[in-house]
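Contents: one structure, followed by commentary.
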Amino acid sequence: MPRIAYVNGAYTPLEDASVHIEDRGYQFADGIYEVVLRVGGRFWDLEGHLKRWARSLAELEIRAPISEAALKIVIAKLVEKNRLGDCMIYMQATRGVASRNHPFPSADTAPALVLTAKPIDLEKLNAKAAKGVAVITRPDIRWGRVDIKTVGLLPNCLAKEAAVRENAVEAWLVKDGKVTEGSSSNAWIVDEKGRLITHPLGNEILGGITRQTAIACAESLQMKVVERAFTVDEALKAREAFITSAMNLVTPVIAIDGNRIGDGAPGPVATRLRARYVQHNAEV
Ligand code: PMP
């Protein structure tokens, strides 16, 4: 069965799905996106992702292509048309098609909306987490508004490619000696007192929806969460480290730049937090 995409109101076989070459997403990365997981028939943290979607659009003054209610219907229909079980949904909105020129096009330019969906293998993701993953560090060379989930991800792609070339799963981005976040995930450590430390919200990180839920889950487990930046040195000395993202859920980090973290195996805090996070999403 061919995969089906949603493009500006139409459900189309993926191989035929296309956008105009003067779409501002293509020309200027003038667009935003979200990634949502659907597991066991439930969309995980959908409300949080839709809230951030609306915020990203508002920050860039891009008109919402369709209402939130309509978007929910499109998401459900796309899953149905692709006959998917556990899957991830990718949705992207851009400022639309206009003759290439830096200023915003006229206000009546229709924003463009594209959605795709593909299966995920939760067992594979769980196996990856059970082993733990390696990360490397790279300078954070991104722009000053990475809190907006834009499709302008070239620095993230370069960092991720560097990680892959070093047999790592993620690159932690470092600014002024501090870890901001991963190239596609938020970064966490557990200190010697068992406190969970992750960079505070602001313009220097993307406010991960998984991060937000993980904080609530950690607190429900009586774990102490401290939102502050940490250095690479602190990370190397940490008891545990882990990453959070929609696709990684909570995934333990067992090595940073080739140095073992803790005893080089997934730690109890990250493992418990992942289990709680999965349970939370199965329940809400
Ligand atoms: N930071 C960056 C740079 C990301 O790309 C992502 C994933 N989109 C995250 C953090 C984690 O966000 P979420 O938990 O909402 O997937």
Side-chain angles (χ1 to χ4, degrees), residues 29 31-39 43-57 59 75 87-93 115-116 118 120 122 125 128-129 133 135-164 168-175 178-189 196 198-218 225 227 229-230 241-251 253 270 273-274 276-278 280-281 284:
I32 62 107
Y33 74 105
E34 279 296 328
V35 173
V36 185
L37 238 54
R38 178 181 184 264
V39 178
F43 293 104
W44 283 13
D45 283 332
L46 181 59
E47 296 305 322
H49 286 285
L50 291 178
K51 198 167 161 202
R52 188 174 61 188
W53 169 265
R55 177 183 184 271
S56 296
L57 288 171
E59 289 294 323
I75 292 169
C87 60
M88 65 93 99
I89 293 97
Y90 176 83
M91 48 199 199
Q92 174 177 321
L115 280 87
T116 56
K118 62 181 175 191
I120 55 157
L122 199 63
L125 295 178
K128 182 170 111 179
V133 299
V135 306
I136 61 166
T137 57
R138 275 292 174 279
D140 190 342
I141 60 169
R142 301 174 301 162
W143 75 317
R145 288 302 308 276
V146 299
D147 57 305
I148 308 170
K149 198 165 171 64
T150 80
V151 295
L153 293 173
L154 187 53
N156 308 60
C157 292
L158 295 175
K160 186 75 92 185
E161 175 62 18
V164 169
V169 156
E170 182 58 300
W172 278 9
L173 307 176
V174 180
K175 194 173 177 180
K178 308 263 174 71
V179 175
T180 52
E181 62 180 332
S183 72
S184 64
S185 61
N186 289 109
W188 302 63
I189 58 170
L196 283 62
T198 192
H199 198 287
L201 295 179
N203 294 344
E204 292 176 318
I205 66 161
L206 180 74
I209 304 305
T210 317
R211 173 189 180 281
Q212 183 182 307
T213 303
I215 289 174
C217 289
V225 179
E227 293 178 71
F230 57 84
F242 61 93
I243 55 175
T244 56
S245 75
M247 280 300 294
N248 285 291
L249 328 184
V250 176
T251 294
V253 168
L273 187 58
R274 182 184 175 92
R276 181 77 191 93
Y277 177 76
V278 170
H280 166 87
N281 279 299
V284 287

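Note that ligands are numbered from 1 as they come in the structure, with each ligand's atoms numbered from 1 the same way. In what follows, every heavy atom counts, from backbone to side chain, and hydrogens, waters and symmetry copies are set aside. By convention here, the first residue in the shown sequence is residue 1.
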*Which ligand 1 atoms are under 4.0 Å away from a heavy-atom of His49?*
15 (O)
*State the atoms of ligand 1, each with its element, that fall below the 4.0 Å cut-off from a heavy-atom position in Ser245.*
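So the atoms of ligand 1 that pass are 11 (C), 14 (O), 16 (O).
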With respect to [X], determine whether any N or O atom, backbone or side chain, lies less than 3.5 Å from an N or O atom of ligand 1.
X      : result
Thr210 : yes
Ile209 : yes
Gly208 : no

Say whether [X] and ligand 1 are in contact under the criterion: heavy-atom distance to a ligand atom below 4.0 Å.
X      : value
Ser183 : yes
Arg52  : yes
Gly182 : yes
Asn186 : yes
Gln212 : no

_Any side-chain donor near an acceptor of the partner, Thr213 and Asp45, under 3.5 Å_ = yes
Polar side-chain atom of [X] near backbone of [Y] as donor-acceptor pair, under 3.5 Å:
X      : Y      : result
Arg274 : Val250 : yes
Asp140 : Val179 : no
Gln92  : Gly31  : no

Check [Y] with [X], please: is the shortest side-chain N to carboxylate O separation under 4.0 Å?
X      : Y      : answer
Asp147 : Arg145 : yes
Glu227 : Arg211 : yes
Glu34  : Lys149 : no

Of all the non-hydrogen atoms in the protein, which one sits nearest to [atom], and at what distance?
atom                    : result
atom 16 (O) of ligand 1 : Ala246 N, 2.8 Å
atom 7 (C) of ligand 1  : Ser184 O, 3.3 Å
atom 1 (N) of ligand 1  : Glu181 OE1, 2.6 Å
atom 8 (N) of ligand 1  : Lys149 NZ, 2.2 Å

_Trp44 and ligand 1 - part of the residue with a heavy-atom distance under 4.0 Å_ = neither
_Can you tell me which portion of Met247 lies within the under-4.0 Å heavy-atom range of ligand 1? Options are side chain, backbone, both, or neither._
neither
*Please work out which of the three classes, parallel, tilted or perpendicular, describes the rings of Trp44 and Tyr277, given edges at 30° and 60°.*
perpendicular
*Closest heavy-atom pair and its distance - Ile148, Leu206*: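 Nearest pair, atom of Ile148 first, then Leu206: C-CD1, 4.2 Å.
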*Please name the pair of heavy atoms, one in Lys128 and one in Val133, separated by the smallest distance, quoted to 0.1 Å.*
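Nearest heavy atoms, Lys128 then Val133: CG-CG1, 3.8 Å.
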